[in-house]
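The figures here come from the full heavy-atom set of this structure, side chains too, leaving out hydrogens, waters and symmetry mates.
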Number of protein chains: 2
Amino acid sequence: MSRRAVSANGRSGHGSQGIPEATIARLPVYLRVLYAFAEQDIPTVSSEELAAAAGVNSAKLRKDLSHLGSYGTRGVGYDVEYLVYQVSRELGLTQDWPVVIVGAGNLGRALANYGGFASRGFRIAAVLDSDPEVVGTQIAGHGVLDVEQMEQVVARHRVSIGVIATPAGTAQAVCDRLVATGVTSILNFAPVVLNVPSGVDVRKVDLSIELQILAFHAQRRSVVRVPQDAQAVGR
Amino acid sequence: MSRRAVSANGRSGHGSQGIPEATIARLPVYLRVLYAFAEQDIPTVSSEELAAAAGVNSAKLRKDLSHLGSYGTRGVGYDVEYLVYQVSRELGLTQDWPVVIVGAGNLGRALANYGGFASRGFRIAAVLDSDPEVVGTQIAGHGVLDVEQMEQVVARHRVSIGVIATPAGTAQAVCDRLVATGVTSILNFAPVVLNVPSGVDVRKVDLSIELQILAFHAQRRSVVRVPQDAQAVGR
DNA sequence: CCTTGTGAAGATATTCACAGCA
DNA sequence: TGCTGTGAATATCTTCACAAGG
C-alpha cells in the first residue's frame with residue numbers, strides 16, 4: 001500500500017503516545033462512519049456496530065480505540081459525538097490544513113472539485129500549473145496560479161501539505177521545490193518513487209498499482225478455482 | 001492501507017505458491033522501476049540498485065523476489081528483461097484486462113485519460129454514466145454509454161474489473177450491480193465502505209484518508225520537535 | 001447482564017547476517 | 001570475490017478470550 005517516511009515514534013508528551021501506524025490508517029474510516037451515525041442522530045454505538053460499518057472486526061476496532069484512551073462505557077458502547085471529537089483531535093483535524101495542488105490537468109481538476117477535500121479541516125490554498133494555457137483559468141472557485149508563485153503561496157498560507165498531480169516526468173522537480181519551500185507532507189499521485197530528505201512525509205496514491213494488485217487476485221481466482229468457502233471478506 | 005477481501009492462500013498448482021500480500025503490493029513498484037532500467041538499456045541490476053530505486057531496503061527486495069523463484073545470479077544480480085517478464089507474469093499482466101469505469105465526472109474523466117491505464121495489460125472497455133447530459137459525450141476516445149448498458153458491456157468484453165468513480169451515494173448500488181453482472185474485482189474511489197459477497201475483491205483509493213494520515217504526522221511533527229535523526233526515510 | 005479494554009497467543013512482515021554459489 | 005537466497009531473530013499486527021466494570 002502506501003509509502004510512509006517518518007518513523008512515527010515521536011512519543012508525544014501528552015496523553016497518548018506511540019499509536020501504531022496501522023491504527024492511524026484506520027482512524028479516518030472510523031471517523032467517516034461515526035459522522036454517518038451522527039447524521040442519523042444515533043447517540044451511542046457498540047464496537048460491534050461501528051466495526052461492522054467500518055468493515056473491520058470488533059476486537060481490532062476496540063484495540064485501535066484503546067490507543068487513544070478509554071472513551072467507551074462498558075455495557076453501553078461509545079458516545080458518537082464524543083468519539084468524533086477524540087478521533088478528530090488525534091488526527092489533527094481540529095486545526096485547519098491549507099493544501100496546495102500542483103498540476104491542473106484532469107486529475108488536479110478532479111481533486112480540486114472533490115467534495116471531501118474541502119470538508120473537515122482541509123482547505124485548498126491554491127492550484128498551480130506551469131502551462132500558460134491553464135494558468136488563469138478557474139477551477140473549483142480557484143484561479144489557477146503559475147507554479148512560479150509556489151514560494152509566495154506556501155509562505156502566505158502557511159501550507160504544509162502539497163499534492164502532486166503532475167505528469168511523472170516533472171513530479172520529482174515539483175517535489176524538490178515543495179520541500180525547498182518548507183512543505184513537509186506530500187501526497188503524490190504521479191507514478192514515480194519520490195526522493196525526499198528525512199523529515200518529509202510522502203504518501204502515494206497510484207491507480208495502476210491498485211489495478212495490478214486486483215489483476216493478481218483475479219488471475220489467481222481464474223487459475224485455481226477456490227473452494228466455496230476458503231474465502232474471507234471484509235463483511 | 002487498503003482493503004483486501006480474498007484470503008489469497010489458494011495455493012496454486014504450479015511453481016509459486018502463497019506469495020505474501022505485502023509482497024504483491026510491492027511487485028508493481030519493482031516492475032515500474034525495472035521498466036525504467038530497461039529503457040536505459042541496463043541489462044542487469046543488483047538487489048541494492050533495484051531496492052534503492054524502488055525505495056525499499058535490499059533484504060526486503062530479495063526476499064520479495066525469492067517468493068517468485070530464483071531469478072537472480074549470485075555475484076551478478078538480476079537480468080532486467082527476464083525479471084520484467086517474471087514479475088509481469090506473476091501479476092497476471094501477460095493477459096489483457098478489460099476494465100469498465102462507472103462515473104464520468106471529473107474523476108472518471110481523469111481516470112480514463114490516465115496514461116498508465118491503457119499501458120501494460122489494462123484496457124478501457126467502456127465508460128458508463130447515468131446522467132443523460134453526459135451519456136454520448138466523448139472521453140479519452142470512448143463514447144460514454146448509459147449505465148443501463150452495463151450488463152451488455154460486461155458480457156461482451158468479458159470485463160472482470162470495475163472501477164467505481166461515482167458519488168458516494170450511488171457507489172453501493174453500482175457495486176451491487178457490477179457484482180450481479182459477474183465482476184469480481186472492484187476498485188472503489190467513492191468514500192464509502194462497500195459491502196460485497198465473499199469472492200469479490202475490493203480495493204479502495206481514498207484521497208481524504210491519505211490527507212488525514214498526512215495531517216496526523218504533520219501535527220505530530222509540530223507538537224513534538226523530533227530529534228534530528230530519529231527519523232527514517234524511504235531513501 | 002452487556003460491552004469495553006487488554007493480556008496473551010498467533011499470524012505476518014521486516015531485518016539481520018551469513019552460507020552458498022557463480 | 002560479490003551478490004543472491006534464506007534461516008533465524010525481531011518487530012508489528014491481528015485475533016482470541018476473558019477479567020473488569022458500568
Here the distance between atom C1' of dA22(C) and atom OH of Y71(B), to the nearest Å, is 19 Å
The reported gap from CD1 in I124(A) to CD1 in I161(A) (rounded to nearest 0.5 angstrom) is 12.0 Å
Before you tell me yes or no, could you show the steps for L207(A) and L211(A) under side-chain contact (heavy atoms from CB on, under 4.5 Å), namely the whole-Å CA-CA distance, both residues' side-chain angles and the distance that decides it to 0.1 Å? CA-CA 6 Å; L207(A) 165 67; L211(A) 281 174; 4.1 Å; yes
Of K60(A) and T73(A), the one whose closest nucleotide on DNA chain D sits nearer the 5' end is K60(A)
From CG of N57(A) across to P of dC16(D) the rounded distance in Å is 6 Å
Winner on side-chain proximity to A59(B), out of dG5(D), dC16(C), dG5(C), is dC16(C)
Taking dT6(D), dT14(D), dA17(D) as options, the one with an atom nearest any side-chain atom of K63(B) is dT6(D)
Of the listed dT14(D), dT3(C), dT6(D), the closest approach to the R26(A) side chain comes from dT14(D)
Distance alone, cut at 3.5 Å: any donor-acceptor contact between the side chains of S46(B) and E49(B)? yes
Are S185(A) and R221(B) linked by a side-chain donor-acceptor pair shorter than 3.5 Å?
yes
query: What do you reckon, are the aromatic ring centroids of Y82(A) and Y71(A) less than 6.0 Å apart?
result: yes
note: D79(A), atom CG; dT3(C), atom C1'; distance rounded to Å ~ 15 Å
To the nearest angstrom, the NE2-P distance between H67(B) and dT14(C) comes to 10 Å
note: D64(A), atom CG; dT6(C), atom P; distance rounded to Å ~ 13 Å
Taking for G75(A) and for S66(A) the nucleotide of DNA chain C with the nearest heavy atom, the one nearer the 5' end belongs to G75(A)
Separation of dG2(D) atom P from E49(B) atom CD, nearest Å, is 14 Å
Self-check item: N or O in side chain of Y78(B) less than 4.0 angstrom from dA22(C) OP1/OP2
Solution: no
When rounded to whole Å, the CG to C1' distance for the pair L50(A) and dT3(C) reads 13 Å
Item checked: Base dT3(C) to side chain R74(A), donor-acceptor N/O within 3.5 Å cut-off -> no
Among the nucleotides dG5(C), dT15(D), dT6(D), whichever has the atom closest to the side chain of R62(B) is dT6(D)
| message | Strictly below 4.0 Å: does S47(B) bring a side-chain N or O up to OP1 or OP2 of dT4(D)? | response | yes
The nucleotide from dC13(D), dA13(C), dT4(C) with an atom nearest the side chain of E21(B) is dA13(C)
Rounded to whole Å, the CD-C1' distance (E48(A) to dC2(C)) equals 12 Å
